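In listed order, ligands and their atoms are each counted from 1. The first residue in the sequence is number 1, and the count goes up from there. On a predicted model such as this, the values are computed, not experimentally measured, just so you know.
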Amino acid sequence: MKSTSALSTLLLLLPAFAAGDAAFEQRCSDLDGSFNAANTEVILAGYVAQGTNITFPESAANSCPKFTIALADMCRLRLNVTTSSTSSVIVEVFMPTNWASKRFLMTGNGGLGGCIQYNDMTYGTALGFAVVGHDNGHAGDTGLPFLNRPQVIKDYAWRALYRAGKIGKRAINHFYPGSIQKSYYMGCSSGGRQGMKAAQEFPEEYDGIVSAAPAIDFHGVLSTGGHFVQAVGPPGSPTNLNLDQWNAVHQMVIRQCDGIDGVLDNVLEDPMKCQPRPEELLCGPGQTWASHQCLTAPQVESVRTIYSPIYGNGGRLIQPRLNPLTREFLGYRVSYGGVPSYLSEGWYKYALFNDPAWNMATDFNLNVIDRDFRKDLFEVSTNKTDLTNAKNNGTRILMYHGLSDGLITSENSYRYYERVSRDMGLPSSQLDEFYRFFPISGLDHCYTGDGAWFVGGSVQYSPAGALDIDPSDSVLMTMVKWVEEGIAPNTLMGRKLVGGVVQGARAHCKHPLKTTYKGVGDPNLPSSWECRTA
Ligand SMILES: *[C@@H]1O[C@H](CO)[C@@H](O)[C@H](O)[C@H]1NC(C)=O
Ligand SMILES: *[C@@H]1O[C@H](CO)[C@@H](O)[C@H](O)[C@H]1NC(C)=O
Ligand SMILES: *[C@@H]1O[C@H](CO)[C@@H](O)[C@H](O)[C@H]1NC(C)=O
Ligand SMILES: *[C@@H]1O[C@H](CO)[C@@H](O)[C@H](O)[C@H]1NC(C)=O
């Protein structure tokens with residue numbers, strides 16, 4: 001992979017630190033003997049040159065990344081940290097030769113995983129961070145390792161993050177002559193949940209936390225996997241829609257709602273204003289999908305269900321509706337395609353019921369949701385709204401969520417933000433001091449989308465062209481400016497990245513302001529938009 005212009009320019013601005021230094025390489029391999037910590041075993045310690053294809057043969061048996069390309073000369077340290085007599089966490093520490101920044105970055109996981117986000121790690125090293133990743137207590141992205149092992153669930157809920165952060169910082173401070181000056185966190189989805197867990201429970205570990213599309217209110221989020229599969233039924237059943245039909249629904253939402261924000265660009269700036277009417281797609285007498293690309297009444301009803309809130313026993317609101325611009329394959333595959341979500345099923349089966357015979361199609365009902373909320377294993381719900389400790393520790397929290405997320409509704413993040421506001425008794429002007437939320441139009445779940453989706457966040461770096469984008473206004477460096485220079489962000493810059501080419505940009509406004517078209521000017525230019533009260 002080529003070293004990119006924007007990145008290398010940024011790196012040249014930093015003073016060189018021992019690049020190509022034989023002593024650095026030696027000190028790195030010596031970590032095998034020199035780094036000693038309780039319950040910790042060094043699996044590997046070695047120098048890796050920029051451009052090296054680092055492979056992960058241990059991921060052959062699961063869905064985790066098989067390789068990553070080093071984006072900086074660095075020392076790689078791989079540890080096995082024992083967290084109990086029945087659990088352990090694999091921790092990776094990437095330490096670039098050039099560490100003038102003295103910054104630490106912790107990366108997150110995803111799904112039920114299990115997978116180290118190596119691309120986030122290498123990107124962090126390219127920006128001069130010493131970076132840590134961990135496997136969250138088990139390999140792979142399924143719930144199977146939870147079976148009969150509550151300690152593995154505890155690692156997943158919070159302990160792996162906490163312990164990996166502690167040991168990673170210790171290794172970094174041991175390895176370099178200097179010590180960490182500022183600590184950051186960045187993660188999406190389950191990784192976003194982990195970031196909020198840190199904000200809620202151990203904020204003193206971080207100066208800045210970037211949390212994207214967080215799977216907070218975990219039990220509510222997981223309930224969609226059971227609720228939707230019952231609503232749409234298995235593929236081929238009368239209530240089910242195939243991917244082409246969901247694409248037709250997507251086009252219908254665009255027809256009905258794209259104009260609300262004043263610009264026809266396949267992007268909804270304020271999906272909450274969109275109330276789709278799927279009956280538009282209803283077949284007339286004698287019409288079929290094959291002849292008229294229309295839907296049957298049961299299919300139309302499925303669409304209504306997906307775009308409606310989920311209520312549980314006693315009329316309790318379990319989840320707000322899914323974003324009305326669902327198209328992405330991920331959401332279809334694991335959420336509303338009719339195949340039981342491996343995420344929800346994996347959790348219910350192996351964690352909540354601890355019973356391999358448990359079956360989503362036959363055993364899911366509202367009582368399951370109640371049970372999940374009630375047990376709240378190791379407080380995985382991550383729904384605590386008192387962020388006083390974060391505030392008092394000076395920890396900054398930047399949350400963002402894609403407004404076309406087809407897996408975790410963005411309304412969850414609005415809901416959490418407003419709950420924090422009420423529960424702490426702080427209007428947004430005061431939350432601004434330490435907690436800011438940016439809705440990102442045209443961003444799907446964590447990455448890709450039809451809008452200015454690229455904000456330089458977690459798991460966004462792999463597409464072609466992404467590494468060419470100037471990282472100085474990325475969400476991570478925006479957080480650095482907030483923490484280290486006191487420059488708090490009012491907008492978050494997003495780029496519309498299509499097939500490796502940047503086709504536009506938009507400065508996404510901080511909630512509760514709305515990103516609003518001025519009425520004139522090229523909508524692909526940030527200057528044609530402004531932040532307004534609704
Ligand atoms: C890195 O190595 C793996 C395993 O040999 C290979 O599958 C992959 O294509 C390589 N990646 C690049 C960019 O060369
Ligand atoms: C990590 O250590 C545990 C013991 O705590 C052991 O069971 C496990 O196999 C080790 N994992 C690796 C990859 O070495
Ligand atoms: C920082 O947060 C911790 C909890 O993680 C809390 O015990 C401590 O009191 C907080 N520090 C300040 C200065 O509030
Ligand atoms: C958080 O989750 C727990 C466990 O599910 C629940 O008891 C509690 O009411 C929830 N808190 C909020 C504020 O939703």
Side-chain (Arg170) to main-chain (Phe35) donor-acceptor, under 3.5 angstrom:
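Pair absent, no side-chain N/O of Arg170 close to backbone of Phe35.
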Is there a side chain to side chain donor-acceptor pair (under 3.5 Å) between Asn119 and Thr68 once you walk through the steps?
CA-CA 6 Å; Asn119 287 342; Thr68 194; 2.8 Å; yes
Answer yes when Arg495 and Asp473 have at least one side-chain N-carboxylate O distance shorter than 4.0 Å, and no when they do not.
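Salt bridge: yes.
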Would you call Arg163 and Asp155 a salt bridge, using N to O less than 4.0 angstrom?
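Not counted as a salt bridge, because no side-chain N and carboxylate O are separated by less than 4.0 Å.
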Ile90 neighbourhood, listing ligand 2 atoms whose heavy-atom distance to it stays under 4.0 Å:
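By the 4.0 Å cutoff, the relevant atoms are 13 (C).
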Run the numbers for me: atoms of ligand 2, each under 4.0 Å from some heavy atom of Ser88, listed by number.
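Counting atoms of ligand 2 from 1, those under 4.0 Å from Ser88 are 1 (C), 3 (C).
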Decide whether an N or O pair under 3.5 Å exists between Asn80 and ligand 2.
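So ligand 2 has an N or O lying under 3.5 Å from an N or O of Asn80.
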Thr82 to ligand 2: N or O pair under 3.5 Å?
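Yes, at least one N or O pair falls under 3.5 Å.
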Should you measure from each heavy atom of Thr55, which atoms of ligand 1 turn up under 4.0 Å away?
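Selected atoms, number and element: 2 (O), 4 (C).
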For ligand 1, which atoms, with element, lie under 4.0 Å from some heavy atom of Ile69?
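Reading through ligand 1 atom by atom, the close ones are 13 (C).
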Identified side-chain contact (heavy atoms from CB on, under 4.5 Å) partner of His219 from the options Asp370, Asp376, Thr382, Asn383:
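Going through Asp370, Asp376, Thr382, Asn383 one by one, the side-chain contact (heavy atoms from CB on, under 4.5 Å) with His219 is satisfied by Asp376 alone.
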For the CD atom on Glu379, are there more than 12 heavy atoms of other groups (residues, nucleotides or ligands in this structure) within a distance under 6.0 Å?
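Atom CD in Glu379 is not packed in, count stays at 12 or less.
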Which protein N or O atoms sit under 3.5 Å from any N or O of ligand 3? Give atom names and distances.
residue: ligand 3; atom: 2 (O); partner: Asn393; partner atom: ND2; Å: 2.3
residue: ligand 3; atom: 5 (O); partner: Glu201; partner atom: O; Å: 3.3
residue: ligand 3; atom: 5 (O); partner: Glu204; partner atom: OE1; Å: 2.5
residue: ligand 3; atom: 11 (N); partner: Asn393; partner atom: OD1; Å: 3.3
residue: ligand 3; atom: 11 (N); partner: Asn393; partner atom: ND2; Å: 3.1

What pair of heavy atoms forms the shortest contact from Ile216 to Asn412, and how long is it?
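Answer, listing the atom of Ile216 first, then Asn412: O-ND2, 4.0 Å.
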N/O to N/O below 3.5 Å, does that happen between Asn53 and ligand 1?
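Looking only at distances, the answer is yes, because the N/O contact criterion of under 3.5 Å is met.
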With sequence neighbours excluded, tell me which residues meet salt bridge (Lys or Arg N to Asp or Glu O under 4.0 Å) with Glu41.
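Checked Glu41 against salt bridge (Lys or Arg N to Asp or Glu O under 4.0 Å); zero matches.
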Side chains of Thr97 and Asp73: any donor to acceptor distance under 3.5 Å?
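Side-chain D/A pair, Asp73 to Thr97: absent.
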